[in-house]
Amino acid sequence: MYSLSKIRVDFTKDKFLFCGKSGNIGLSWKEAANVLGFELSQCCPKGYEMEGVQVFRDIKEAVKGKDIICTDSLPTDILGDFEHYRITKEIMDMANENAILNPCPPFYRGEEVSEDVIYSDYFVGYQFKKNLLEVQQAIVIYCLMNEGRTATWEN
């Protein structure tokens, strides 16, 4: 979210597509969408859906009208199921103007993303990873400044 805020005026107005299976990354995007109110859909084969999210089976249909496309790496044993869900430059060309591809590291060329899209203007993965350092540093500073204080958790 921090990286998106650095390149978008208001990323909550963007339409997000998560391509991958239900798991920690997809569910994190779903939780962020629920909290921040942005539109999130998913593209995946049957059996890999996240509950409560619009699901597409056709990647070409799914990417149309989307601004931010996110992926997650896939376990080797299900790669075959996702063969027709790989994000390529051709697929990204079908998304909205100024769309970006944000694969969750580690990402693998030829699996969830193609090599040509990694070298395209759509790809923001490396820059987003660099921004993560700033977030991690802020967390460390916050923890150091609050050392010795007792945290209280209220529901």
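When hydrophobic clusters are built by joining Ile, Leu, Val, Met, Phe, Trp and Tyr residues whose side-chain heavy atoms come closer than 4.5 Å, directly or via intermediates, V63 is grouped together with I87. Following chains of ILVMFWY side-chain contacts shorter than 4.5 Å, one can reach F38 starting from V53, so the two form part of one hydrophobic cluster. Clustering ILVMFWY residues whenever any of their side-chain heavy atoms sit less than 4.5 angstrom apart, transitively, puts I7 in the very cluster that holds W29. By the rule that hydrophobic residues join a cluster once side-chain heavy atoms approach within less than 4.5 Å of another member, I68 and M50 end up as members of one cluster. L4 and L40 end up in the same hydrophobic cluster when Ile, Leu, Val, Met, Phe, Trp and Tyr side chains are linked at under 4.5 Å.
In this structure, CG on L79 lies 8.5 Å from CZ on R86, to the nearest 0.5 angstrom. Between the CE atom of M92 and the OG atom of S114 there is a distance of 10.5 Å, given to the nearest 0.5 Å. The distance from the CE atom of M1 to the OG atom of S28 is 9.0 Å, given to the nearest 0.5 Å. Distance check: F123 CZ to I69 CD1 gives 13.5 Å after rounding to the nearest 0.5 Å.
In this structure, the side chains of F11 and K6 stay at 4.5 Å or more apart for every pair of heavy atoms. In this structure the side chain of N34 reaches within 4.5 angstrom of the side chain of K30, judged on heavy atoms. Under the 4.5 Å side-chain criterion, counting only non-hydrogen atoms from C-beta, C44 is in contact with R57. Taking 4.5 Å as the limit, every side-chain heavy atom of L74 sits out of range of all side-chain heavy atoms of E111. The shortest distance between side-chain heavy atoms of F56 and K64 does not fall below 4.5 Å. Inter-residue side-chain proximity for C143 and V140 is flagged as unmet; no heavy-atom pair is nearer than 4.5 Å. For the pair Q54/Q42, no side-chain contact is recorded, criterion being any heavy-atom separation below 4.5 Å from C-beta on. Looking at I59 and H84, their side chains never come closer than 4.5 Å, going by heavy atoms from C-beta outward.
When all heavy atoms are compared, the tightest approach of E49 to K46 is OE2-CA, 3.3 Å. The shortest heavy-atom contact between T71 and V113 is OG1-CG1, 4.2 Å. Taking all atoms of both residues into account, the shortest heavy-atom contact from Y48 to I78 is OH-CG2, 3.3 Å.
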task: Given side chain to side chain contact (heavy atoms under 4.5 Å, CB included), test S73 with E112 step by step and report yes or no.
output: CA-CA 6 Å; S73 56; E112 69 274 18; 3.8 Å; yes

- request: Please lay out, stage by stage, how Q137 and L133 fare under the test side chain to side chain contact (heavy atoms under 4.5 Å, CB included).
  value: CA-CA 6 Å; Q137 289 171 332; L133 180 59; 3.9 Å; yes

Atom pairs and distances, donor-acceptor, side-chain atoms in residues 93-105, under 3.5 Å, two or more places apart:
from, atom 1, to, atom 2, distance (Å)
D93, OD1, K89, NZ, 3.4
D93, OD1, Y122, OH, 2.5
D93, OD2, K89, NZ, 3.4
N96, ND2, G65, O, 3.0
N96, ND2, D67, OD1, 3.0

Throw together a table of side-chain donor-acceptor distances under 3.5 angstrom for residues 13-27, partners on residues two or more places apart or in other chains.
from, atom 1, to, atom 2, distance (Å)
D14, OD2, R8, NE, 3.0

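The number of heavy-atom neighbours closer than 6.0 Å to CD of E134, taken from other residues, nucleotides and ligands shown, is above 12.
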